[in-house]
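For reference, the structure is listed below as C-alpha cells.
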Amino acid sequence: ISRTMSPASDDDFYDSALAAKLAAEDERLESCNPLPPSPLAESLAVEKPWYKQKCRLIIIAAVSGIVVAIALAVPLVLAQTSIGGGGNDQENNGASEELSSRKNPEREAIIADRLALVTPGGNETLMEPNTPQYRAWQWLVYDDEMKLDPAADNLQQRYLLMVIHFPSMMDDSGDGQQWGSPVHECEWEEVQCKDKLDLIYEYGQDDIVWIDDTPERIVTGLTLSQRLNGQIPEELSLLSLLQHLDLENNKLIGSLPSHIYELHKLDTLILSQNQLSNVDDIGEFKHLEHLYLSMNNCKGPLPTSFQNLKHLKTLDLHTNELTGDLFKVINDFESLESIDVAFNDFTGTVSPLIGSMTNLTTVLLGNNQFSGGIPEEIQFCSKLQDLSVEANHDMGGIIPFVLGQLTSLVYLNLSTCGFEGPLPASFGDLTELKFLDVTFNNLDGALPKELGSARSLTTLGLAYNEFDGPIPSELGLLTNLEELVIQNTNLKGAMPQEICTLRQEGILKSITASCDNLACTCCDCN
C-alpha cells in the first residue's frame, strides 16, 4: 500500500522530527554526557554555540561549589578536633613546638661564648659534634630542665661537670640526685660544694679565682670512682678550687696528665686501684694532706718531689713495687696520722724520728724488707691504734717493752719478723687491744700471766715460737677471746680449765694447739 504525502504534510513531518532530535541533543548536552557528539549536533554547533557554552558554565559552577564546600568544611573539622582533644594533632603540634624549641641560635651563641672561655681549644672544640664538650653545650641550651639564664654564675661550672659526665654516662647508684637532674649541681651525687664566702674566709679574696664569674656555690669535692674509663678530662683542672678528688678504679695508666697538677687547692687525692706507674710530680700538690696511691704499678724509689708533701696526714702506698729507704723521705712529716706502705720492697730501718710523729694512729709496714727492729721512740706515738710490721723477715731484735705504753692500741701484728726474747709483760696494759699476733718468730720464755689483763682480746696468736712452761690460767680471764693459736711451741702441761670453760660456754670458738706436749680436752689438736 503506498501513501502519497502532500508537500505540506512532508514539511510538518520534517519539522516535528527535527524538533525531537534537537530536544534529545539538548538533554545530552545538559548532562554533559561524554558520548561522541552526533552528526546533527556537529551540524548545528555553528548555528547553536550556546549548547557548548552552557556545558562550560555547568562545569565551572560545579567546581566552584566543591571549593566553597571544602572551605566551609575545614574550619568545622578543625574546630571539632580541637574540642574533642584530637590526640594526633596535639602530638603533631607538640613535635612541631619541640622542633621549633631546638632552634634557638641566639641562646646557643650567648651560651657558647661563655663556655668557650672554659673549654680547652675554645669554640673549635666546642663546635665539634659528638664530643663531650658539644654534647654538654647542647644539653645546657636545650635539655637541661633548669633552663639556666646564659648569665647564671654557675653555668660554666655545670658545663664542666657535664663534660666529665658524658663520656661515662654511668647511672648513679646512691640515694642522691643523678648528674644532670634539674637541681643545682652541688646537689648531684658525689659532688661537694662550699659557699663562696666560706672559701674567701678560708683562703682570702685574692685566692678565689674563677675564669669568668665565680659561682656562689663552688664545687670543692668530686668522687669520680669508675667514671672516667682511663682518661682524665682537661676540664677537670678548671675546677680550680677542688679540695677533694677521688679517681679510684678508673683504669688510669702511666703518668698523671700535667693539667691535673694545676689543682693547687687539693688536700685529698685518691688514685687507688689504677695502673699508674709515674707520679714524679706529685710534690706539686704542696697542700696535700691525704694521698692514696695503693694498688698501682709504681716502681722504684719515691720521687724526689715527695719531700714537698710536708702537710701529709695520710700516706697510703700499699701494694706497689716501691723500693728504697722510706723514712729518709718522710722522717720529718710530723703531721702524719696514717702510714700504709704494706706489700712493697722498702728497705732501711724504721727511723727513731717516728717518735716525732705524735699524731700517728695507724702504721702498717708489713711485707717489706725493713730491718733493725722497732725503735724505742715509738712510745711517744701515744695515739697509735694499729701497728703492723709482719713479714719483714729481717726486722729482728727484741719486742720493745715500751709498746705496752701504747694503751690506745687495738691491732698489733708482729708476726714473721725474726723477733727474739720474751713476750713483754707490759702487753697486759693494752686494755683496748683486740688482735695480737706474734706467730712465726723466735720468742722464748714463759708466757706472762699479765696477758690475762688485756680483756678486750678476741684473737691471740702465739704459735711457731719457743715459748715454754705452762699456759697461765689467767688467760681464762680473756672473756672476749674467740680464737687462740698456740701450736708448735714448747708449752707443756694441761690446758687450764678456765680456758676450756670459755670454749664450753661458746665464747672461745677455736683453740689450735699441738697436743703432743700439751694435754687438752677442749683443743683442736694440730
Side-chain angles (χ1 to χ4, degrees), residues 120 164 221-225 227-351 353 357 364-365 367-370:
I164 295 168
L222 285 178
T223 298
L224 301 175
S225 179
R227 282 186 180 269
L228 301 185
N229 297 322
Q231 298 292 327
I232 301 177
E234 194 169 347
E235 281 80 0
L236 185 62
S237 65
L238 298 176
L239 296 170
S240 58
L241 296 173
L242 273 180
Q243 299 173 332
H244 176 102
L245 180 58
D246 183 351
L247 300 176
E248 182 177 4
N249 196 7
N250 272 303
K251 302 178 182 177
L252 303 178
I253 300 174
S255 303
L256 286 175
S258 59
H259 60 77
I260 200 74
Y261 295 111
E262 297 174 15
L263 296 172
H264 300 299
K265 297 292 190 292
L266 272 186
D267 60 40
T268 299
L269 179 58
I270 303 174
L271 298 168
S272 304
Q273 297 187 63
N274 286 289
Q275 300 175 44
L276 294 170
S277 57
N278 185 341
V279 290
D280 287 353
D281 297 321
I282 199 75
E284 293 295 318
F285 298 119
K286 295 181 181 180
H287 299 286
L288 204 60
E289 295 182 355
H290 307 280
L291 175 61
Y292 298 84
L293 264 172
S294 62
M295 301 178 72
N296 277 279
N297 290 331
C298 297
K299 300 178 181 181
L302 290 176
T304 304
S305 69
F306 231 89
Q307 294 178 332
N308 296 331
L309 304 178
K310 305 293 186 184
H311 300 289
L312 274 185
K313 295 180 179 179
T314 302
L315 176 59
D316 183 355
L317 303 174
H318 82 76
T319 316
N320 281 282
E321 297 180 41
L322 294 166
T323 63
D325 192 330
L326 171 70
F327 284 92
K328 279 189 176 180
V329 178
I330 68 168
N331 59 14
D332 58 346
F333 284 22
E334 296 183 358
S335 298
L336 275 173
E337 298 174 0
S338 175
I339 303 173
D340 184 357
V341 296
F343 296 97
N344 280 283
D345 291 309
F346 287 117
T347 56
T349 62
V350 180
S351 171
L353 291 174
M357 303 175 187
L364 305 179
L365 307 178
N367 291 276
N368 280 280
Q369 299 183 45
F370 291 111

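Nearest heavy atoms, Leu252 versus Gln231: CD2-N, 4.1 Å.
You'll find the side chain of Leu236 reaches within 4.5 Å of the side chain of Leu224, heavy atoms only. Annotation: side chain of Leu245 is not in contact with side chain of Leu239 (no heavy-atom distance under 4.5 Å). Counting only heavy atoms from C-beta outward, the side chains of Leu309 and Leu315 never approach each other to under 4.5 Å.
Side-chain atoms of Asn368 come within 3.5 Å of backbone atoms of Asp345 as a donor-acceptor pair (strictly under, hydrogens ignored). Checking side-chain atoms of Asp246 against main-chain N and O of Glu248 turns up a donor-acceptor pair under 3.5 Å. Using a distance-only test at 3.5 Å, with no hydrogens or angles considered, no donor-acceptor pair links the side chain of Asn308 to the main chain of Phe306. The main-chain N or O of Leu322 is found under 3.5 Å from a side-chain atom of Asn344 such that the two form a donor-acceptor pair. Asn274 places a side-chain N or O within 3.5 Å of a backbone atom of Asn250 that can act as its donor or acceptor partner.
Applying the side chain to side chain donor-acceptor pair (under 3.5 Å) test to residues at least two apart or on different chains, the pairs with a partner in residues 318-339 are Lys310-Asp332. Residues in residues 279-290 take part in these side chain to side chain donor-acceptor pair (under 3.5 Å) pairs, two or more places apart or across chains: His290-Thr314.
Here the straight-line distance linking atom OG of Ser294 with atom CG of Leu317 works out to 8.5 Å at 0.5 Å rounding. Considering CG of Leu364 and CZ of Phe343, their distance stands at 10.0 Å, rounded to 0.5 Å. The distance from atom CG of Leu326 to atom CD1 of Ile339, rounded to the nearest 0.5 Å, is 6.5 Å.
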Distance-only donor-acceptor hits, side chain of residues 254-265, under 3.5 Å, sequence neighbours excluded:
unit_1, atom_1, unit_2, atom_2, d
Ser255, OG, Asn278, ND2, 3.4
His259, NE2, Ile232, O, 3.3

